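Notes for the one structure printed next.
Computed from a predicted structure; not experimentally measured.
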Amino acid sequence: MAKKQLEDDLLTGGSLNADDKSAKKAAKAKKSAEKKAAKAAKLRAKNEAKRAELKKEIDALKAKKDDCDDEKENEKLTVEIKKLSEKYSAVGANGNGPAPRTVKIIKSVICIVIVIALLVTYVATGAVRKGFIASLSIPAETFTGMTVSNQDGSEKAKIKVATYNYYFALTYNNLRNTQQQYSQYGLDLKQYNLDVDFDKKLSKQTTKNDDNETVTWAQYIHDQVIDSIESTYTYYLAAKAANNGKDPEITDDQKKELKDTLSQYRESAHKYGYTLSGYLVKAMGKGVTESLFTQEATRSYIADNYKSELSDKASEKEYTTKDYDNYKKDHEDDLVAVDIRLFECSSEDDAKAFKKALAKDGSNFTALCQKYSTDKFYKTAYEDPGYSTEYGATKESLKNKSYAIATADGKDKKSYPGLDWLYSSKRKAGDSYQYSTTVVYVLSPASIQDRKTVNVRHILIAPETKDSNTEAKDATDKQWAAAYKKAKKILDEFNSGDKKEKTFSNLAKSNSSDTGSKDNGGLYENVVPGQMVNSFSSWIFDSSRKAGDTAIVKSDYGYHIMYYVGEGDLTVWQYNAKKALTSDNSTSATDKLEKDYSIKVNWFGSRYFEKDVDIDN
């Protein structure tokens with residue numbers, strides 16, 4: 001059998017030394033992987049609006065920085081840009097998939113660790129690179145491809161060509177898989193910097209890199225690989241140095257994840273008559289043996305753990321009243337908040353009609369929300385005033401939710417007329433305003449509020465739909481009714497018992513659909529306004545709330561059985577200030593470390609890097 005056919009059969013789950021049962025199992029695995037990918041893509045799409053708004057803010061700050069000659073102000077703007085950039089990346093990194101346009105395919109060690117668990121899926125679906133350069137693994141296992149070291153040379157790692165091949169496979173596979181998912185959902189690949197044709201030479205196609213420079217796709221991927229290696233080894237070497245020159249132990253969960261991944265690979269390899277190392281070489285490149293794979297995965301874990309350790313150290317720092325007051329003085333505009341009723345109409349004409357019909361005391365706001373809702377679900381949902389209530393809304397939180405009132409002026413991108421009105425010192429309770437498609441009624445004018453953070457537990461009971469891709473809000477009335485019946489039964493069970501927090505926690509572990517809090521007994525600590533959906537947030541920040549309160553609250557996701565634990569130790573603004581100060585300290589530590597380390601590519605060794613040459617030759 002020809003080498004090319006051998007590779008294709010291996011990587012697409014073909015029939016090489018496999019019976020029909022194995023082929024069916026591969027097909028089933030592919031279907032399962034595609035289903036998971038579909039869910040991930042759908043979740044990513046929901047975040048694009050939020051990312052677009054963050055991007056606008058970042059661009060505005062960059063423009064402001066370009067026009068600013070004051071060095072101190074420039075430093076302040078740099079910090080703000082970095083914070084927003086981290087938030088921008090986080091929207092795609094927290095389980096929501098790769099970010100559009102400027103985010104690297106694999107930017108840091110964290111991404112590398114996550115990708116390890118997905119490699120089996122890539123092999124099963126055939127989403128792997130096609131080409132291989134050398135017929136022997138000896139050069140890849142022997143020659144130094146790169147060197148990462150700190151400035152004084154006390155910490156240094158000579159990295160073999162095989163390691164480049166390993167990272168190249170991760171980067172290339174991730175790009176192809178992401179493109180496949182976005183394409184499946186009809187998204188514009190060019191908009192997300194994914195418009196590469198893998199059946200044509202990568203060296204003949206161009207794209208924009210993170211510095212907005214035009215480069216070939218071959219160069220773009222290569223640069224991502226080098227960045228990933230430099231990032232991983234920077235934190236790996238620093239972790240090793242901090243552990244008296246020895247590799248720190250990875251966690252038991254990480255060991256298990258790595259062991260499970262290799263076991264899956266081994267099973268696939270044996271089906272096709274390969275050793276595990278032989279299979280990895282075929283899938284990832286020359287020199288990527290079981291030993292190399294284990295080494296690089298382990299070092300990625302070590303690096304990731306050390307980066308988290310630096311962040312944890314920063315978060316452990318205690319701040320004084322003076323620290324908070326200084327932060328408040330410098331960031332007052334970011335901390336002021338309002339309590340409002342707000343509704344986003346489907347058209348400006350509707351918004352004008354809404355505003356005209358709005359009573360001076362706002363008593364018919366809820367009724368008008370129902371009248372002007374165009375979705376059947378919301379006509380019912382807005383019966384709860386919490387759906388249209390925003391407690392402690394900052395300018396940033398309103399921008400993140402993409403309300404029309406929080407958009408920049410069409411001519412002056414730095415001006416926000418709607419927010420200027422809402423946060424003006426002239427505002428008073430009872431004022432109302434219509435801006436574009438937004439109608440707002442002021443409950444409490446702008447101030448730095450003394451409202452404290454909240455600790456709360458909840459049990460989410462989502463409507464059970466026949467199609468797992470159907471969103472809860474699109475469930476039938478019958479399915480919603482069944483969800484409410486279940487939620488009420490659970491709450492009645494709790495209220496007929498000892499009514500203790502531990503009992504509620506156990507019920508959450510057994511019944512909640514919220515994977516983010518289920519294992520923690522439904523607990524969310526230090527919740528701030530805007531963090532949760534409006535109806536949830538409105539209930540927990542009600543001024544009458546007291547420890548032990550329970551209720552059933554409806555949201556787009558289902559029914560939430562609520563249990564109010566109590567207030568946190570800090571006010572919301574202090575908590576936000578602490579997060580910002582912690583982020584600054586963490587960023588300072590990582591920036592210092594990253595500046596101390598650099599990577600140098602060995603010219604001779606780089607001749608043996610594998611760069612998908614079946615396409616590029």
Side-chain angles (χ1 to χ4, degrees), residues 4 7-8 11 55 85 89 92 97-108 111-112 115 119 122 126-134 139-140 143-148 159-183 187-233 283-288 598-617:
K4 181 63 179 172
E7 292 169 358
D8 288 343
L11 300 176
K55 182 65 165 58
S85 297
S89 298
R101 200 78 200 153
T102 60
V103 175
K104 298 175 185 294
I105 298 170
I106 295 182
K107 184 178 181 181
S108 70
C111 298
I112 297 298
V115 170
L119 287 172
Y122 296 146
V128 293
R129 64 199 183 95
K130 299 176 182 178
F132 305 97
I133 186 170
F143 298 157
T144 297
M146 299 138 288
T147 301
V148 175
I159 301 167
K160 304 300 181 185
V161 170
T163 296
Y164 177 94
N165 296 342
Y166 168 85
Y167 277 84
F168 183 93
L170 295 180
T171 307
Y172 188 100
N173 289 341
N174 195 34
L175 176 61
R176 290 200 65 159
N177 189 60
T178 304
Q179 185 198 63
Q180 187 179 57
Q181 292 176 16
Y182 275 53
S183 179
L187 298 174
D188 183 359
L189 297 180
K190 187 172 184 179
Q191 180 183 351
Y192 299 99
N193 199 29
L194 292 169
D195 55 331
V196 54
D197 187 341
F198 290 102
D199 291 324
K200 294 181 180 179
K201 292 184 176 182
L202 299 179
S203 59
K204 300 300 181 182
Q205 303 175 69
T206 60
T207 186
K208 294 284 188 178
N209 65 14
D210 296 331
D211 295 321
N212 204 36
E213 300 169 336
T214 299
V215 295
T216 67
W217 269 102
Q219 184 63 44
Y220 181 86
I221 296 174
H222 171 74
D223 291 342
Q224 307 308 308
V225 174
I226 296 300
D227 284 348
S228 295
I229 294 171
E230 181 178 13
S231 176
T232 301
Y233 272 82
M284 301 188 73
K286 299 307 175 198
V288 187
S598 61
I599 189 169
K600 182 178 181 181
V601 176
N602 180 282
W603 180 88
F604 182 76
S606 68
R607 303 304 93 188
Y608 292 88
F609 291 165
E610 295 188 18
K611 301 180 182 179
D612 208 49
V613 293
D614 281 358
I615 293 175
D616 267 5
N617 274 357

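A distance of 10.5 Å separates OH of Tyr166 from CD1 of Ile229, quoted to the nearest 0.5 Å. Here the NE2-OG1 distance, from His222 to Thr216, works out to 10.0 Å after rounding to the nearest 0.5 Å. Going from atom CD of Glu213 over to atom OG1 of Thr206 covers 13.0 Å, rounded to the nearest 0.5 Å. One distance of note links CZ of Arg176 with CG of Leu194; it measures 12.5 Å at 0.5 Å rounding. With values rounded to the nearest 0.5 angstrom, Asn209 atom CG is found 8.0 Å from Gln224 atom CD. To the nearest 0.5 Å, atom CG of residue Asn602 and atom CE of residue Met146 are 9.0 Å apart.
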Just do the side-chain contact (heavy atoms from CB on, under 4.5 Å) check on Tyr164 and Ile226 with the steps written out, would you?
-> CA-CA 8 Å; Tyr164 177 94; Ile226 296 300; 4.1 Å; yes
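Side-chain contact between Thr178 and Tyr192: absent, with no pair of heavy atoms (C-beta onward) separated by less than 4.5 Å. The side-chain heavy atoms of Phe604 and Val161, taken from C-beta on, include no pair separated by under 4.5 Å. Between Phe198 and Leu175, the closest side-chain pair of non-hydrogen atoms falls below 4.5 Å. Val196 has its side chain out of reach of Tyr220: every pair of non-hydrogen atoms, C-beta onward, lies at least 4.5 Å apart. Put simply, the side chain of Thr144 does not reach to within 4.5 Å of the side chain of Ile159, judged on heavy atoms.
Pairing each heavy atom of Asp199 with each of Asp197, the nearest pair is N-OD1, 2.9 Å. For the residue pair Gln205 and Lys200, the shortest heavy atom distance occurs at NE2-O, 3.5 Å. A pairwise comparison of heavy atoms in Tyr167 and Ser228 identifies CD2-CB, 3.9 Å as the closest pair. In terms of heavy atoms, Val225 sits closest to Phe168 at CG2-CA, 3.7 Å. Nearest heavy atoms, Glu230 versus Ser598: OE2-CA, 3.4 Å. The two residues Val601 and Ser606 make their nearest non-hydrogen contact at CG1-CB, 3.8 Å.
A donor-acceptor pair under 3.5 Å links the side-chain atoms of Asn173 to the main chain of Ala169, judged by distance alone.
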